[in-house]
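Report on the following structure.
Computation of the quantities below employed the complete heavy-atom set of this structure, encompassing side-chain atoms and omitting hydrogens, waters and symmetry-equivalent molecules. Letters A, B, ... mirror the listed sequences (proteins, then strands); counts begin at 1.
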2 protein chains.
Amino acid sequence: MSKQQAPLALIDLNADAPCCPPLAQSQVPAETAAVLAPAFKALGDPVRLRLMSMIASAEDGEACVCDLTPAFDLTGPTISHHLKTLREAGLVDAERRGTWVYYRARPQILRQLAALLSIEPAAAAKA
Amino acid sequence: MSKQQAPLALIDLNADAPCCPPLAQSQVPAETAAVLAPAFKALGDPVRLRLMSMIASAEDGEACVCDLTPAFDLTGPTISHHLKTLREAGLVDAERRGTWVYYRARPQILRQLAALLSIEPAAAAKA
DNA sequence: CGCCTGTCTCGACGCCCGTCGAATCAGAGA
DNA sequence: TCTCTGATTCGACGGGCGTCGAGACAGGCG
């Protein structure tokens, strides 16, 4: 069945809203935790963390799989699997252009995760 | 063997240095990824994410296990296991005072993770 | 001293995850 | 059309993870 042309993200989390006050400011509700934890989990693998960085820091904001794969001592299918994980976590988008597939970071969710971990100076000083 | 009185963190990552430019600014080196991925992995579970938030947002900057456990439908050993995971990831510190054990967040590593995920407005605008 | 409460460790179970090879799909080009 | 390359899916294997119950350790209190 050929139905993988839709690179839709499984996680939506209304990317417009600020979504979450800092983790250290108010308790993260169970629902929010259930939604955001998979994103952290996806970043919880060294290979995926590097992939994410390579994609996010790429020249035109996008990276070709053909450029990502040779950077690791892993097989193509394994890299593809990791990219799928990042995709399903809502961290990246994929687009096929001709023979090649390009991945692009989704800044919204990255900002949300960063905001969740952010610590205002007050909290840092008091600890 | 009674040697769990030392709540030392297994991850050190010289907490003073800024440690890491944003993930979207320059490629995360393999070494850095290997060190920081476990921290994200530790946050990649809903229970641990909530525990982390409960600890970090607690009144005096610390939370008692006796207050954390009843917030979940999980057994004591399971919560203890998750807290150990957070401890080994360098995200929290534990201290025993009398009968109770108190956990405290480590703001440095939280700041490092947030910095790694941070996106400067330029990158956000171009995407 | 003995007991009780709070916390952790240990061992076990089932499930998920990272990795691979083989096979399949998608396009480009001869 | 046939073939070739790039990327994904599929099935399988081994190891790790989340959860539990039972037991052990720490400390306070009769």
Side-chain angles (χ1 to χ4, degrees), chain A residues 1-8 10 30 33-34 37-52 55 62-89 92-104, chain B residues 1-8 10 30 33-34 37-52 55 62-89 92-104:
Chain A
M1 54 193 77
S2 59
K3 66 167 184 296
Q4 85 268 28
Q5 74 234 17
L8 86 160
L10 300 188
F40 284 118
K41 188 175 187 179
L43 294 176
D45 180 278
V47 173
R48 286 195 295 266
L49 193 54
R50 290 176 60 197
L51 282 171
M52 190 67 209
I55 294 170
E62 63 183 12
C64 173
V65 176
C66 59
D67 290 331
L68 298 174
T69 303
F72 301 85
D73 284 337
L74 294 171
T75 65
T78 298
I79 297 298
S80 188
H81 163 69
H82 283 306
L83 290 172
K84 181 181 183 181
T85 301
L86 290 174
R87 222 184 317 142
E88 291 180 344
V92 298
D93 259 344
E95 182 193 355
R96 170 164 228 124
R97 278 208 301 280
T99 304
W100 296 280
V101 175
Y102 295 87
Y103 279 77
R104 181 178 292 271
Chain B
M1 60 195 81
S2 61
K3 66 167 183 293
Q4 85 267 26
Q5 73 233 19
L8 85 161
L10 300 188
F40 284 118
K41 190 176 186 178
L43 294 176
D45 181 278
V47 174
R48 285 195 295 267
L49 193 54
R50 289 176 60 197
L51 282 171
M52 190 67 210
I55 294 169
E62 62 184 13
C64 173
V65 176
C66 58
D67 290 331
L68 299 173
T69 303
F72 301 86
D73 284 336
L74 294 171
T75 65
T78 298
I79 297 297
S80 186
H81 162 70
H82 283 306
L83 289 171
K84 181 180 183 182
T85 300
L86 290 174
R87 222 184 317 140
E88 291 180 344
V92 299
D93 258 343
E95 181 192 356
R96 170 165 228 125
R97 277 208 301 281
T99 304
W100 297 280
V101 176
Y102 294 88
Y103 280 77
R104 181 179 292 272

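Here B:Asp93 contributes atom CG and B:Ile55 contributes atom CD1; the two are 10.5 Å apart, rounded to the nearest 0.5 Å. Of the inter-residue distances, the one linking A:Leu86 atom CG with A:Leu49 atom CG reads 9.5 Å to the nearest 0.5 angstrom. One finds the CG atom of A:Leu74 at 12.0 Å from the OG atom of A:Ser80 (value rounded to the nearest 0.5 Å). Between the NE2 atom of B:His82 and the CG atom of B:Asp45 there is a distance of 5.0 Å, given to the nearest 0.5 Å.
With rounding to whole Å, B:Leu51 atom CG is found 13 Å from C:dT7 atom P. Between the CG atom of B:Leu83 and the P atom of D:dG18 there is a distance of 13 Å, rounded to whole Å. Distance, A:Phe72 CZ to C:dG18 P: 14 Å, rounded to whole Å. Per the geometry, OH belonging to B:Tyr102 stands 15 Å off C1' belonging to D:dA26, to the nearest Å. Counting to the nearest Å, the P atom of D:dC10 and the NZ atom of A:Lys84 are 7 Å from each other. C:dT9 atom P lies 15 Å from atom CD1 of B:Ile79, rounded to whole Å. Rounded to whole Å, atom C1' of C:dC8 lies 15 Å from atom CG of B:Leu68.
Scanning all heavy atoms of the two residues, the minimum distance from B:Ala33 to A:Arg50 falls at CB-CG, 3.5 Å. Residues B:Arg48 and B:Lys41 share a closest heavy-atom pair of NH2-O, 3.5 Å. Across all their heavy atoms, A:Pro46 and B:Ala37 have their closest contact at N-CB, 3.6 Å. Across all non-hydrogen atoms, the minimal contact from B:Ala89 to B:Ala42 is CB-CB, 3.6 Å. Summarising the geometry of A:Val92 relative to A:Leu83, their closest heavy-atom pair is CG2-O, 4.3 Å, with the distance given to 0.1 Å. Shortest non-hydrogen contact noted between A:Arg96 and A:Val101 is NH1-CG2, 3.9 Å.
Using modelled atom types, one side-chain atom of B:Thr69 and one backbone atom of B:Val65 make a donor-acceptor pair closer than 3.5 Å.
B:Arg97 comes within 4.0 angstrom of no nucleic acid atom, judged by non-hydrogen atoms across all strands. A:Leu74 comes within contact range of the sugar-phosphate backbone alone, with a heavy-atom separation under 4.0 Å but no base atom that close.
Comparing B:Pro77 and B:His81 by the nucleotide of DNA chain D that holds the closest heavy atom to each, the one mapping nearer the 5' end is B:His81. Take the nearest nucleotide of DNA chain C for A:Asp73 and for A:Gly98: the residue whose nucleotide is more 5' is A:Asp73.
When the side-chain nitrogen and oxygen atoms of B:Thr75 are compared with OP1 and OP2 of D:dT19, none of them lie within a distance under 4.0 Å. OP1 or OP2 of D:dT19 has at least one side-chain nitrogen or oxygen of B:His82 nearer than 4.0 Å.
Taking the ring axis of A:Tyr103 as reference, the NZ or CZ atom of A:Arg87 does not stay both within 45° of it and closer than 6.0 Å to the ring centre.
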For nucleotides 2-7 of chain D, print each protein N/O atom paired with a nucleotide N/O atom at under 3.5 Å, atom names and distance only.
from	atom 1	to	atom 2	distance (Å)
D:dA7	OP1	A:Cys66	N	3.1
D:dA7	OP2	A:Cys66	N	3.3

Each nucleotide N or O in nucleotides 11-15 of chain D that has a protein N or O under 3.5 Å away: list the pair and distance.
none

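Within residues 40-47 of chain A, the residues that place at least one heavy atom under 4.0 Å from DNA chain C are, in residue-number order, A:Lys41, A:Asp45.
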